[in-house]
Amino acid sequence: EFANPIPKDLKVTALAIVIDNVVVDVMNAQQGLSEILLNNPKFIELDPKEERPQPGYIYENGKFIPFHDIVKEANVTFRG
């Protein structure tokens, strides 16, 4: 039972955080975050002095690259 009940219209998933086959923590996450976390993401520590990457950036060779820079280099044109 939760101390603060979860609103009925909010989809929440309970997740066990497991490292080396040992549960180290348990958390609740909204559906969108749960889907991300259950997709085996990489976690990259960010330098607080550097610009933060945004969703859609590509992580390659230890660097974050804006998607539009990759498209520009490839001379790709999108038509809508």
Side-chain angles (χ1 to χ4, degrees):
E1 194 67 33
F2 297 107
N4 295 317
I6 298 169
K8 294 189 186 314
D9 61 337
L10 191 63
K11 290 188 178 184
V12 173
T13 304
L15 302 173
I17 302 169
V18 179
I19 298 174
D20 295 329
N21 296 324
V22 176
V23 176
V24 295
D25 205 349
V26 177
M27 66 180 280
N28 293 316
Q30 291 182 22
Q31 184 177 8
L33 179 58
S34 293
E35 290 170 1
I36 291 169
L37 293 175
L38 292 172
N39 239 325
N40 298 320
K42 285 184 182 179
F43 288 88
I44 310 297
E45 186 173 2
L46 300 175
D47 183 340
K49 297 173 193 153
E50 293 185 12
E51 182 181 343
R52 286 180 174 245
Q54 300 299 310
Y57 276 39
I58 304 298
Y59 185 71
E60 188 173 80
N61 299 323
K63 295 184 180 187
F64 293 99
I65 305 165
F67 181 73
H68 67 271
D69 287 356
I70 293 171
V71 171
K72 187 189 255 183
E73 286 180 23
N75 287 325
V76 174
T77 303
F78 291 99
R79 296 176 189 242

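If you read the sequence from its start, that first residue is 1, and numbering goes on from there. Quick caveat: nothing in here was measured; it's all calculated off a predicted structure.
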- request: Taking all non-hydrogen atoms of both residues into account, name the closest pair between Ser34 and Ala29 and its distance.
  value: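 Looking at all heavy atoms of both residues, the shortest contact is OG-O, 3.1 Å.
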
- request: For residues Tyr59 and Gly62, report the shortest heavy-atom separation together with the two atoms involved.
  value: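 Between these two residues, the closest heavy atoms are OH-CA, 3.5 Å.
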
Side-chain donor/acceptor pairs under 3.5 Å, residues 45-55, sequence neighbours excluded:
unit_1 : atom_1 : unit_2 : atom_2 : d
Asp47  : OD1    : Lys49  : N      : 2.9
Gln54  : NE2    : Arg52  : O      : 3.3

- request: For Gln30, check side-chain hydrogen bond (donor to acceptor under 3.5 Å, both in side chains) against everything at least two apart and list the hits.
  value: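 Gln30 satisfies side-chain hydrogen bond (donor to acceptor under 3.5 Å, both in side chains) with no residue once adjacent residues are dropped.
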
Residues that Tyr57 engages under ring pair (Phe, Tyr, Trp, His ring centres under 6.0 Å), provided they are two or more places apart: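 Tyr57 satisfies ring pair (Phe, Tyr, Trp, His ring centres under 6.0 Å) with no residue once adjacent residues are dropped.
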
Compile the donor-acceptor pairs under 3.5 Å between side chains in residues 10-26 and protein atoms, sequence neighbours left out, one pair per line.
none

